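Only a predicted model underlies this, so the values are computations on that prediction, with no experimental measurement involved. Naming: A, B, ... by sequence-line order, numbering from 1 per chain.
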Amino acid sequence: MSDNVLLNDEQMATFVIHGYLMLKPGFRRGLNQEVLRQLEQNLSMPDQPPIDLENDPAHTVILEKAPALREVLAHPQVDGALESLVGKPYELFVHYCHALPPGHGGFWWHQDDCNVRHNSVRRVMMMYYPHDVSIDMGPTILMPGTHFCNAPTDRLHNYGNIRGQKVLAAEAGTVAIAHYDLWHTVSRNRSGRMRYMVKFGADRANERARRRWNTNPVEGEAMARNRFHHELAGIYSPSDYYKVRHRRMRMWWNLNSDHQPADEQYQGYAGVPRR
Amino acid sequence: MKAHVRQVLMYIYAMTPSIYGEVISLSMRAAGKYAPEEVQAEPLFPYGNVAAAMAEGWQVVHFPDQRAAFDDREIDVLGYEFILQKLETSES
């Protein structure tokens, strides 16, 4: 029996609405420092390390150069959150160490994925910070709610600051898990220290991968419906907001395949006329 | 003395196509003056809507298309794009 710490209905609803979750797993004392030491010794190249697309496209060598990361990935709260969101088995398909030197950073908004419209959670990105990241150290910035936007990255280049953007100034040991379509960027590192962030991508291994979370199907869905209807994530124009409610409910049902509703129920949810 | 004129652009993404629509996103662009596409950890929004910028001398050079492609299910970008300009003069 797995001892994973699974997400609960509230956390799942938060992920659906905002497109990300912040976790603070109780890593053993000294683990963050151990990871940081290994990164500094073996992966302190500016920006991303070169990736051998032919022999190591997923850049798994990072786990050899910083083996303490395996303990981060195996932590019951980390593994459990991934089991809840993408199901088991899942595959880690990308591993990056973002080493951001002083003066570097400052980027445009982008999505990591190509634009394929769906309402499910097939793939997530996980960002782990082995040291405190203050607001001047080039923190990651996320735009909540944009995982529902089918927007090519090129179209995002003229956006600057967006109201409601979330700055991940985080304590050492913080893990953020985000929908792979979520708009994100990095600000400039104005401090005198290198900023490290390790990013992993996790993919459903197949469509039979089983999600588990701590749920009360009846009360959980009632809570989710209420939050999906009322809770804001970022700023949408008025007509988009109605679509967002619809997308949230659809994603919830996709996540909770045990309670997949009939299509008629979906059609009736937001007053969409039946065809 | 030679006068140089530099065009400064301000991109505003507003909640509606109205000049009174609330600003969702705002960025400045001018050759050699603003870092392109940089998002800040401590952002400033000097104007709440396009009308407020116009009151300080900004001129609208691009209005959002009122005939936007309408899809009742898809969501793509955030807001309606206005582009405003100011002309700065310097002497050398």
Side-chain angles (χ1 to χ4, degrees), chain A residues 105-110 115 117 119 133-143 145-152 154-169 183-191 234-244 246-247 250 270 272-273, chain B residues 8-31 33-50 52-53 58 61-85:
Chain A
F107 201 55
W108 51 78
W109 292 101
H110 59 282
N115 298 103
R117 169 51 57 209
N119 295 295
V133 178
S134 56
I135 202 161
D136 64 339
M137 286 182 74
T140 308
I141 305 179
L142 306 177
M143 189 57 220
T146 48
H147 53 308
F148 291 117
C149 296
N150 193 18
D154 292 351
R155 292 288 304 274
L156 310 184
H157 282 208
N158 280 327
Y159 286 99
N161 297 304
I162 304 177
R163 285 189 194 277
Q165 64 194 33
K166 171 72 176 175
V167 178
L168 301 190
W183 299 8
H184 60 284
T185 185
V186 61
S187 55
R188 188 168 297 278
N189 184 353
R190 301 183 191 284
S191 77
I235 296 180
Y236 292 106
S237 54
S239 52
D240 279 350
Y241 187 59
Y242 292 105
K243 300 177 205 173
V244 166
H246 211 112
R247 295 253 173 243
R250 193 68 175 163
V272 176
Chain B
V8 181
L9 297 177
M10 179 163 61
Y11 287 76
I12 287 181
Y13 295 86
M15 211 158 175
T16 73
S18 161
I19 61 170
Y20 300 104
E22 184 183 353
V23 167
I24 293 176
S25 171
L26 186 152
S27 60
M28 304 275 198
R29 303 281 184 263
K33 186 168 183 181
Y34 298 99
E37 296 105 10
E38 189 165 324
V39 180
Q40 294 151 332
E42 296 175 287
L44 294 173
F45 294 92
Y47 304 108
N49 56 39
V50 170
W58 287 91
V61 295
H62 168 82
F63 286 93
D65 190 348
Q66 297 281 12
R67 299 169 301 159
F70 181 72
D71 187 319
D72 203 21
R73 290 166 292 186
E74 290 292 330
I75 306 164
D76 41 43
V77 295
L78 295 180
Y80 293 85
E81 183 184 71
F82 291 82
I83 305 174
L84 299 88
Q85 75 165 2

**Prompt:** Under 6.0 Å from the OH atom of A/Y241, do we count more than 12 heavy atoms belonging to anything else shown?
**Reply:** yes
**Request:** Against chain B, label A/I235 side chain, backbone, both or neither, depending on which of its atoms sit under 4.5 Å from a heavy atom there.
**Result:** both
**Contact winner vs chain B - A/G164, A/P139, A/G138, A/A151, heavy-atom pairs under 4.5 Å** = A/A151
**Request:** Determine the minimum heavy-atom distance between B/S25 and A/G160, stating which atoms define it.
**Result:** OG-N, 3.3 Å
**Asked** Which heavy atom in B/V77 sits nearest to a heavy atom in A/Y159, and how many Å separate them?
**Response** CB-OH, 3.3 Å
**Pairwise distance CD(B/E22) to OG(A/S237) - rounded to 0.5 angstrom** = 11.5 Å
**Message:** If I measure from the heavy atoms of chain A, does B/I83 come under 4.5 Å with its side chain, its backbone, both, or neither?
**Reply:** neither
**Prompt:** How many angstroms lie between CD in B/Q40 and OG1 in A/T185, if you round to the nearest 0.5 Å?
**Reply:** 11.0 Å
**Fill in**
Heavy atoms of B/G48 and A/R163 approach each other most closely as CA-NH2, 4.2 Å
**Request:** Calculate, to the nearest 0.5 Å, the distance between atoms CG and CG belonging to B/L78 and A/L156 respectively.
**Result:** 8.5 Å
**Residue pair A/C149, B/I75: steps toward the side-chain contact (heavy atoms from CB on, under 4.5 Å) verdict** = CA-CA 5 Å; A/C149 296; B/I75 306 164; 3.9 Å; yes
**Closest contact, heavy atoms only, A/W109 versus B/V39** = NE1-CG2, 3.3 Å
**Separation of B/I24 CD1 from A/M143 CE (nearest 0.5 Å)** = 8.5 Å
**Request:** For side-chain contact (heavy atoms from CB on, under 4.5 Å), just list the numbers for B/Y13 and A/N158, CA-CA rounded to whole Å, side-chain angles, deciding distance to a tenth of an Å, and then say yes or no.
**Result:** CA-CA 9 Å; B/Y13 295 86; A/N158 280 327; 3.2 Å; yes
**Asked** Which residues pass the side-chain hydrogen bond (donor to acceptor under 3.5 Å, both in side chains) test with B/Q85, sequence neighbours left out?
**Response** B/Q7, B/Q59
**Request:** Measure the spacing between CZ of A/R155 and CD of B/E81 and express it to the nearest 0.5 Å.
**Result:** 7.5 Å
